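Remember, predicted model here, so these are calculated numbers, not experimental data. In what follows, every chain begins at residue 1, and chains take the letters A, B, ... in the order their sequences are listed.
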4 protein chains.
Amino acid sequence: MTDESADVPPRRGRPRSTKTREAVLAAARELLLESGYQRLTMEGVASRAGASKSTVYRWWPTKGVLVLDAAADEIAIGSVPDRGTTEDDLRSAIEQLIETFSRPLASIVIFAAITTVEADPEMAAVFREKYVYPWRLTAAQAIERGIERGDMASDNTQFILDVIVGTVFQRTLIIKEPMTEGLADHLLGLLIS
Amino acid sequence: MTDESADVPPRRGRPRSTKTREAVLAAARELLLESGYQRLTMEGVASRAGASKSTVYRWWPTKGVLVLDAAADEIAIGSVPDRGTTEDDLRSAIEQLIETFSRPLASIVIFAAITTVEADPEMAAVFREKYVYPWRLTAAQAIERGIERGDMASDNTQFILDVIVGTVFQRTLIIKEPMTEGLADHLLGLLIS
Amino acid sequence: MTDESADVPPRRGRPRSTKTREAVLAAARELLLESGYQRLTMEGVASRAGASKSTVYRWWPTKGVLVLDAAADEIAIGSVPDRGTTEDDLRSAIEQLIETFSRPLASIVIFAAITTVEADPEMAAVFREKYVYPWRLTAAQAIERGIERGDMASDNTQFILDVIVGTVFQRTLIIKEPMTEGLADHLLGLLIS
Amino acid sequence: MTDESADVPPRRGRPRSTKTREAVLAAARELLLESGYQRLTMEGVASRAGASKSTVYRWWPTKGVLVLDAAADEIAIGSVPDRGTTEDDLRSAIEQLIETFSRPLASIVIFAAITTVEADPEMAAVFREKYVYPWRLTAAQAIERGIERGDMASDNTQFILDVIVGTVFQRTLIIKEPMTEGLADHLLGLLIS
DNA sequence: ACTTAAGCGAGACGGTACGTCTCGTCTTAAC
DNA sequence: GTTAAGACGAGACGTACCGTCTCGCTTAAGT
């Protein structure tokens, strides 16, 4: 009878402090909500968390990595379910987008991840790989089911995705006035023939 | 008999140097294309232009103002003409957007103006007032003409504007892969019933 | 009639602030006396002086350069005069050494300059060039005058210099107990035959 | 048969590793010779020795203590013998000094021990107690024998000690050019009447 | 021609954050 | 109890830009 979980790495040295980790992430969240992404500094996070700069840099080499970690729960968007009808599927997708983009912390971090490509391409890449592509894949599948059923006003999946994401992004993160209520209905009216 | 042009201030002292002004704007354009908006520094612009920092700050109090001035010609988008048919009008609007967003310098500056709200709200405000609203107004008029003719798939003007701008922004400035050719046709197919 | 002082360099830009310069040097002196050379930090000096780090680094690139400047007056040892008799000349030399090594600030800085060679060879080099060699040259001349007169107990100038400097250094900077009063007489008794 | 040495404390747990101890001391010696005292770090010694920092700190609380331990053999200077004549005794003393100060490792450590008082007074104290005073005591006795015999040019023992130590220190550790050969003779010529 | 006033370059200045480094302490699991 | 590993708080390092501030020189328009 052998140990079944033999693939556990043999941890050595002082283990990482959960307390410090959470203090740093909490400090990052607070400062994001107070001052935004640009004005957040690694030094400020360390200070607010009662941690040292070296500890912060040891685990989060850049600001982008840090805030993606700090807001991970809020950013997570899940995947688009298969509810049986095209309208229900697309409505799910659109409402997931609207809901996620409307969370205060998530909106700040997502906006930063998208718009800071130039200064921090790695942040954008991590964000895409981890959050955007998985959702986009299931959303594309939902759209393709709709196309097969003959329900869609366009047969170009990528284009429809761009319409949905672009419009919701525009309305919720750029033009910030509400109108979010009717947004899903308007989009469905346009996309479903 | 009074002075006809009473609003002309009696300029005294050394007049502003056109040469310096143009050297600074040219330096800003070069650095934008070489390094992007974030990595551009006022210090770098002054140095490249052979000007002093105080001269740069005298005329362009912030990086945003400077960059909008430097790219003014490329950013100008004009207004949506009245060509007689809904399709022609909308196609004009969409192609103006695509064309403008595709110019190298304009794309950098517009992207910065839209996404830097947090760090430089004034830049965003100036950009909206001077470039976005005028175009958006004539685009809204074109859409309303289409609604009156009964050509549009939706009767909500602001929503349609968000679809157009959001989709084009998404495709040209966020997801940078081409497909720009078919974009106008796809959008027209969706928006015109 | 032409301008006689045409060789004045044409000063450009904002002139250096004398006030800041003196505040930094005074802060350095205070911290040297309070904490010693090793514990003095550039950051501490800037802070105490109400100056910024960049200003300190602009003018004094290393700690060694800064403290040599801060203590310049106290370190200056002059040169050995020619008083006519060997005894008077040597007594002058020895008393200059003792007096200089006994000043609180000078002793700290000289000790640092001598003993930090390994970590900051430039400081040691500047110190030697500017303060040690000039004095050593005139002291050597005084010794040679004594040798020519047949007054000296040894005819090796460098050796006698090492005896004088080594003994005074040993007594005043290493073994710090007094006995400094009789030191000059004892040395003269030994060196003059 | 019982344990004969009952006064040995009943050691428990893992015994100290002789191998590790020697690896650390050897690493310290290597790094002293390669980089000098200032640039030697506890971290570097641990790393070179394949030991952990905590092990190094457990047994050698400071860099000074470690380095004195690592160079103990080379630093040891013995005591001044009584050879019967003043000249032989003093020559022994001076040559012991010169020889010790000329060993590469010893010169580094002694120089550090003497000049690091400010930063590490404990190191200086340990060095004085363990190496300086014992030798100084026997050297003083040799000098006093010379004074009693009427051989010395001065009757102040401490002063003569300072002349000897100061001059040799000056010549071998500060001014590093040779001339060490004639040094003992020159000193004897001066000190013996 | 002479005065006046703004433009301009150079560059010093106080700040602030950067990311790196070493320090000496602490916390584990393995031995 | 000792060890290797290595996380941790602390704090200085030297650099880069920020936006402001003197300076002395230049350049015209108004006298």
Any non-hydrogen side-chain atom of F127(C) less than 4.5 Å from a side-chain atom of V109(C)?
no
Grab the CZ-P distance between R58(C) and dA10(E) for me, whole Å please.
16 Å
Is a side-chain N or O of T41(A) found less than 3.5 angstrom from the main chain of G44(A), in a donor-acceptor match?
yes
d(CG, L40(B); P, dC17(F)) in whole Å
11 Å
Please state whether the phosphate of dA4(F), meaning OP1 or OP2, lies under 4.0 angstrom from any side-chain nitrogen or oxygen of R12(A).
no
Which residue lies more 5' along DNA chain F, comparing S52(D) with M42(C) via nearest heavy atoms:
S52(D)
Nearest-angstrom distance from the residue atom CH2 of W60(B) to P of dG7(E)
12 Å
Give A46(A) one of three labels, base, sugar-phosphate or nothing, depending on what nucleic acid heavy atoms sit under 4.0 Å from its own.
nothing
Classify G50(D) by what it touches in the nucleic acid, base, sugar-phosphate, or nothing, heavy-atom distance under 4.0 Å.
sugar-phosphate
Any side-chain N or O of T20(A) below 4.0 angstrom from OP1/OP2 of dG9(F)?
yes
Got a donor-acceptor pair under 3.5 Å from the side chain of K53(B) to the base of dG11(E)?
no
For atom CD of Q38(D) and atom P of dC23(E), their distance in whole Å
12 Å
Around atom CD of E122(C), are there more than 12 heavy atoms from other residues, nucleotides or ligands closer than 6.0 Å?
no
Would you indicate, yes or no, if dA12(F) has its OP1 or OP2 atom less than 4.0 angstrom from a side-chain nitrogen or oxygen of T41(C)?
no
Could you state the atom-to-atom distance from CD of E43(B) to P of dA10(E) in whole Å?
13 Å
So, does T55(D) get its side chain near the phosphate of dA4(F), meaning an N or O under 4.0 Å from OP1 or OP2?
yes
Check the distance between dC23(E)'s P and D120(D)'s CG and give it to me in whole angstrom.
13 Å
Pick one: which of R29(C), R39(C), R48(C) meets side-chain hydrogen bond (donor to acceptor under 3.5 Å, both in side chains) with E34(C)?
R48(C)
Does a side-chain N or O from W59(B) land closer than 4.0 Å to OP1 or OP2 of dC8(E), or not?
yes
Assign each of V56(B) and Y57(D) to its nearest nucleotide of DNA chain E by heavy atoms, then name whichever residue's nucleotide is nearer the 5' end.
V56(B)
Taking N and O atoms by type only, does the side chain of S54(C) place a donor or acceptor under 3.5 Å from a partner on the base of dA16(F)?
no
Does the side chain of W60(C) come within less than 4.5 Å of L68(C)'s, by heavy atoms?
no
Whole angstrom value for the distance that separates C1' of dC8(F) from CZ of R14(A)
5 Å
